[in-house]
Amino acid sequence: MIITIDETHNPELRSWLDSANDSGTDFPIQNLPFCAIWTEDEDEPAHLSIAIGDKIFDLVAASRRGLLEGKIADLLLEGIGDLSTLSEFFPEDLRRLRASVSAIFLESAPKAVIERAEKCLIPISQAEFEIPLTIGDYTDFYCSIYHATNVGSMFRPDNPLMPNYKWLPVGYHGRASSIVISGTEIRRPRGQNRSNPEMPPAYIPCKNLDYEVELGFFVGRSNELGEPVAISDAEEHILGFCLVNDWSARDIQAWEYQPLGPFLSKNFATSVSPFIVTREALMPFRSPAFERPPNDPKPLGYLQDADNEENGGLDVILEVYLQTEKMREGGIEPFRLSRSNTKDLYWTVGQMLTHHSSNGCNLQCGDLLATGTVSGRKRGELGCLLEITRRGSEPIRLPSGEERRFLENGDEVIIKGFCEREGFRRIGFGDCRGRILPAE
């Protein structure tokens with residue numbers, strides 16, 4: 001990997017913005033994730049921005065005030081603020097932008113710089129977010145072996161994993177047009193349900209609505225059609241990471257998925273967090289790839305690389321919370337359903353990207369790839385209700401006294417993600433949330 005740990009990761013760095021020094025913030029000066037916000041000027045596109053502390057730093061406003069210089073500032077002033085375009089054609093300039101913003105917010109920054117920067121800040125609580133790049137395509141993988149084993153055991157107790165699972169990263173093509181920003185309300189889908197095998201299917205509102213906690217990553221460099229991306233070069237094609245909730249209609253899925261896999265049970269909505277945490281910010285939180293049992297096959301040659309083996313994993317903690325309508329009305333805080341870690345993914349993000357392109361598929365800047373449901377070994381580490389409730393047979397009891405087998409109308413699912421490691425500042429991903437509305 002070309003990117004290394006540098007001064008921007010120094011845990012001793014402090015900012016003149018007090019909220020960025022809070023030990024519990026997701027966005028200390030060591031993070032600086034990208035986002036995009038709408039301004040009061042309706043004629044302008046959303047402004048590319050960076051989150052720090054409890055504020056959003058408007059990069060377009062900063063360029064207008066002379067705080068940023070160079071190619072990226074020029075492009076922002078011209079109205080080009082799509083991260084997929086900037087990453088494709090100006091990757092090094094975009095990478096240097098993080099260091100420039102870090103210098104602006106350092107405690108030791110000149111007073112004149114601080115005064116100008118303050119005029120480019122708005123509270124996160126007042127920001128209206130937009131996805132900061134154009135998502136042309138979306139692929140969802142199935143890379144948690146614990147999730148695959150748990151789900152497989154419900155349907156195939158004697159043979160939970162399919163024969164291909166340990167040989168390749170299994171995935172399917174999702175729907176880019178139904179990807180929505182965190183906070184967007186999710187309409188319960190209708191679809192064909194055949195829960196009673198003795199009766200014909202019925203077209204009804206989904207009964208078994210579920211969430212899936214995932215880590216997403218965006219392509220930051222395209223490859224030409226017919227030219228696969230080598231595993232040694234895969235991470236250079238990744239721009240950054242976000243949280244993903246791949247909403248799932250389990251009863252619709254059970255009827256439609258054979259023989260070609262998920263379709264309408266998955267493509268009605270996928271939620272993503274507003275913030276893209278860069279590869280640079282995540283460098284202190286890399287980990288070895290999943291340690292495979294001795295009897296498992298080694299990846300085929302095109303999926304093998306010494307650096308990927310040593311540093312290809314990610315140590316990202318993912319938490320899922322649920323708050324029902326009754327809990328909101330009673331002032332009851334969201335209830336944590338699970339806490340899992342991306343270190344438990346059987347395949348690395350580099351292997352996912354390489355395999356995706358291995359047949360010559362041309363990935364494009366802005367494409368979203370997601371890991372699939374992230375689950376661990378233990379009961380408190382399960383990444384969806386299908387696993388937690390064992391297909392609804394073991395309902396969970398909430399602090400309000402309610403029970404849940406699957407999601408009900410009014411329920412809000414909140415996904416949080418963060419990284420912690422001794423010797424480095426904690427950084428986070430913000431949250432990814434969505435509340436369920438009744439079917440039309």
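Gln30 and Thr8 share no side-chain donor-acceptor pair at under 3.5 Å. Between the side chains of Gln323 and Tyr321, no donor-acceptor pair of N or O atoms lies under 3.5 Å. Of the N and O atoms on the side chains of Asp41 and Thr39, not one donor lies less than 3.5 Å from an acceptor on the other residue.
Under the 6.0 Å distance and 45° angle rule, Arg433 does not count as a cation-pi partner of Trp247. Cation-pi geometry between Arg426 and Phe418 is satisfied (NZ or CZ under 6.0 Å from the ring centre, within 45° of the ring normal).
Within the model, atoms SG of Cys419 and CG of Leu314 stand 7.5 Å from one another, a figure rounded to the nearest 0.5 Å. With values rounded to the nearest 0.5 angstrom, Ile29 atom CD1 is found 4.5 Å from Ser15 atom OG.
Other residues, nucleotides and ligands place no more than 12 heavy atoms under 6.0 Å from the CZ atom of Arg175. For Phe263, the CZ atom is loosely surrounded, since the number of other residues' heavy atoms within 6.0 Å does not exceed 12.
Between Arg435 and Glu185 there is a salt bridge, since at least one side-chain N of the basic residue sits less than 4.0 Å from a carboxylate O of the acidic one. Ion pairing between a basic and an acidic side chain is recognised when a charged N comes within 4.0 Å of a carboxylate O; Lys326 and Glu329 show no such pairing. Note on Arg96 versus Glu280: no salt bridge recorded, every NZ/NE/NH1/NH2 to OD/OE distance being 4.0 Å or above. A salt bridge between Lys71 and Asp93 is absent, with no side-chain N of the basic residue lying under 4.0 Å from a carboxylate O of the acidic one. Using a cut-off of 4.0 Å between Lys/Arg side-chain N and Asp/Glu carboxylate O, Asp411 and Arg404 are scored as salt-bridged. Salt bridge annotation for Glu236-Arg95: present, with a cationic side-chain nitrogen under 4.0 angstrom from a carboxylate oxygen. A salt bridge between Lys266 and Asp246 is present, with a side-chain N of the basic residue lying under 4.0 Å from a carboxylate O of the acidic one. Arg221 and Glu88 are not joined by a salt bridge, as no carboxylate oxygen comes within less than 4.0 angstrom of a charged side-chain nitrogen. Salt-bridge check for Arg64 with Glu44: passed, with a basic side-chain N closer than 4.0 Å to an acidic carboxylate O. A salt bridge is absent between Lys298 and Glu309; no separation between the charged side-chain nitrogens and carboxylate oxygens falls under 4.0 Å.
Sequence neighbours left out, the pairs with a member in residues 92-111 that pass ring-ring contact (aromatic ring centres under 6.0 Å, His included) are Trp16-Phe105, Phe57-Phe105. A salt bridge (charged side-chain N to carboxylate O under 4.0 Å, His left out) check over residues 357-379, counting only residues at least two apart or in different chains, returns the pairs Arg379-Glu394.
For His356, the ring pair (Phe, Tyr, Trp, His ring centres under 6.0 Å) criterion is met by His173, not counting sequence neighbours.
Residues Ala370 and Glu214 come closest through the heavy atom pair CB-OE1, 3.2 Å.
Aromatic pair Tyr172/Tyr142: centroids not less than 6.0 angstrom apart.
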